[in-house]
Amino acid sequence: MAPPEPRPADPSPLLTMSGITKSFPGVRALDGVDLDVQAGEVHCLLGQNGAGKSTLIKVLAGAHQPDGGEIVWQGAPVVLKSPVAAMRLGIATIYQELDLVEGLSVAENIFLGHEPATAGFVRSRAARATAAELLARLGHPEIDPRWLVGELSAAAQQIVSMARALSHDVRLIVMDEPSAALDPDEVDNLFRIVGDLTAGGVAVVYISHRLEEIRRIGDRVTVLKDGRAAARGLPARTTPTRDIVALMTGRDVEYAFPRRATPPPGAAGKPLLRLEGLARAGEFEPVDLDLAPGEIVGLAGLVGSGRSEILETVYGARRPTAGRVLVDGRPLRPGSVTAAVRAGLGLAPEERKAQALLMLESVTRNVSVSSLARFSRAGWLDRGAERDAARRGVRDLSLHPDDPERPVRTLSGGNQQKAVLARWLLRGCRVLLLDEPTRGVDVGARAELYAVIRRLADDGMAVLLVSSELPEVLGLADRVLVLREGRVVHTAPAGELDEHRVLDLVMEGSPPC
């Protein structure tokens with residue numbers, strides 16, 4: 001989809017935020033931030049985790065009250081005392097973690113808090129009819145307003161959130177990482193919707209870690225760093241990526257992956273992990289794979305192609321319907337996570353917050369949780385030894401901040417992922433399964449994670465990698481298996497592939513090899 005031409009700037013901004021400050025105990029989250037947004041533009045807000053993006057949009061949404069500064073809306077100063085006040089002015093926010101009520105219907109969610117009513121009685125039929133009109137406007141007439149939101153896909157739930165925003169007289173929509181859980185076709189549809197909204201004069205503040213999306217959809221860019229605006233109003237399509245990354249990180253960071261060893265350590269020796277005809281009916285067809293110590297193999301394909309299902313089956317979280325998994329030549333008991341972990345396998349899942357981390361616990365406990373038996377003495381947990389082991393893991397992976405007693409929920413996405421990796425290193429993992437390892441991780445932290453993954457491989461760990469970002473697969477992996485609709489359609493060294501070739505394969509397929 002070709003991006004539209006940049007729109008001319010209106011001399012009178014729809015929104016101006018001037019000198020916005022906000023502090024929390026011990027932290028100055030915003031330090032005099034300025035932002036202006038024109039009607040009908042896509043204004044992209046960039047910055048590493050902790051740069052102040054979330055705090056700024058919560059101030060704009062009325063969820064946080066600023067300590068200082070001024071907000072001018074359509075030429076008049078305003079005070080956004082609550083999210084309801086912001087919504088009444090026409091400012092809607094769609095957070096990455098959607099705030100929908102799963103037990104209510106689509107229509108009930110769209111009109112929650114401002115239900116159409118007569119004499120105190122909700123007009124449910126009118127609500128459903130208007131909801132259907134909004135969903136059709138967004139290009140999704142197939143979503144039934146009577147369906148429960150909890151039964152919808154992530155993409156459909158996002159459409160419902162947009163319909164809820166449009167059910168008000170919205171003039172500006174803030175979208176926080178809207179593409180994080182979407183496949184490429186769904187991202188294209190999202191961009192079509194954004195284009196329709198801005199063509200009608202609605203402004204969009206768009207937050208994403210994916211710089212390629214900024215090129216496609218953005219008009220201007222504001223970069224935050226350490227609670228300040230490092231740059232304002234840069235042209236989104238012509239500002240060099242290197243310049244944007246340098247503004248975000250404070251240093252030059254190229255999109256260069258660590259050098260891979262040639263050949264990978266141990267590639268010519270005995271495979272550490274072997275898949276023999278591994279399959280799950282309805283999810284993926286038989287897969288054969290040898291993975292050597294020190295080798296990184298990537299699985300490329302669209303969402304739903306079977307990539308994650310293969311990883312979870314190898315890990316024992318799913319039971320195969322055919323084939324087997326061998327580690328060091330010994331078959332694993334099918335469908336047993338315990339057997340996989342004992343054999344030296346570790347999984348960093350896509351949904352790390354829900355599936356890997358104990359969000360209310362410390363870094364120490366998150367690192368040690370799979371190895372607690374090592375720290376038990378006569379039924380008592382040696383907390384000193386546990387802390388010492390966690391501290392070594394924190395140091396070895398350069399986890400920041402380096403306080404092992406800090407709650408893991410307070411860490412950035414990249415450092416949470418390092419805590420997961422530290423857990424498997426402490427456990428003595430030899431085969432690491434990575435599912436979307438940099439999802440929700442900013443550019444600077446991605447570079448650090450890439451270096452960690454490459455170092456682990458260089459030290460002899462075997463890595464099986466799944467990522468929706470083709471540059472990541474091609475940049476990290478030694479070999480790539482391309483999947484389409486649950487079938488391996490091509491296998492090649494990463495250096496023999498490029499993004500266009502892989503996209504051709506996943507979209508059209510080819511004879512299995």
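All values derive from a computational prediction rather than experimental measurement.
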Please name all residues satisfying side chain to side chain contact (heavy atoms under 4.5 Å, CB included) with Ile57, sequence neighbours left out, ordered by chain then number.
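By the side chain to side chain contact (heavy atoms under 4.5 Å, CB included) rule, Ile57 matches Leu45, Tyr95, Val174, Asp176, Ile207.
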Taking only residues at least two apart or on different chains, which pairs with a member in residues 148-174 satisfy salt bridge (Lys or Arg N to Asp or Glu O under 4.0 Å)?
Asp99-Arg164
Could you tell me whether a side-chain N or O of [X] sits under 3.5 Å from a main-chain N or O of [Y], the two making a donor and an acceptor?
X	Y	value
Asn366	Leu358	yes
Gln158	Pro178	yes
Gln417	Thr438	no
Arg307	Gly301	yes
Lys22	Thr55	no
Trp73	Leu89	yes
Arg228	Gly32	no
Arg237	Gly218	yes
His43	Asp36	yes
Thr21	Gly68	yes

Answer whether the closest heavy-atom distance between the side chains of [X] and [Y] falls below 4.5 Å.
X	Y	result
Ile173	Val205	no
Leu465	Pro437	yes
Leu80	Val59	no
Ile110	Leu134	yes

Arg409 atom CZ: more than 12 heavy-atom contacts under 6.0 Å
no
Please check if the number of heavy atoms outside Arg318 that lie under 6.0 Å from its CZ is greater than 12.
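It does: Arg318 CZ has more than 12 such atoms within range.
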State which residue, out of Ile159, Ile143, Leu148, Leu100, fulfils the side-chain contact (heavy atoms from CB on, under 4.5 Å) condition with Val106.
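Exactly one pass, corresponding to Ile143.
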Among Leu299, Ile296, Val463, exactly one meets side-chain contact (heavy atoms from CB on, under 4.5 Å) together with Leu434. Which residue is that?
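Exactly one pass, corresponding to Val463.
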So, using ring-ring contact (aromatic ring centres under 6.0 Å, His included) as the criterion, who are the partners of His64 when residues are at least two apart?
Phe24
Classify the side-chain pair Ser308/Asp435 by whether it contains a donor and acceptor separated by less than 3.5 Å.
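Result is yes, a qualifying pair exists.
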Between [X] and [Y], is there a side-chain N and carboxylate O pair less than 4.0 Å apart?
X	Y	value
Asp31	Arg28	yes
Arg146	Asp144	yes
Arg192	Asp188	no
Glu448	Lys418	yes

Atom of Ala165, atom of Val170 and distance for their closest heavy-atom approach
O-CB, 3.5 Å
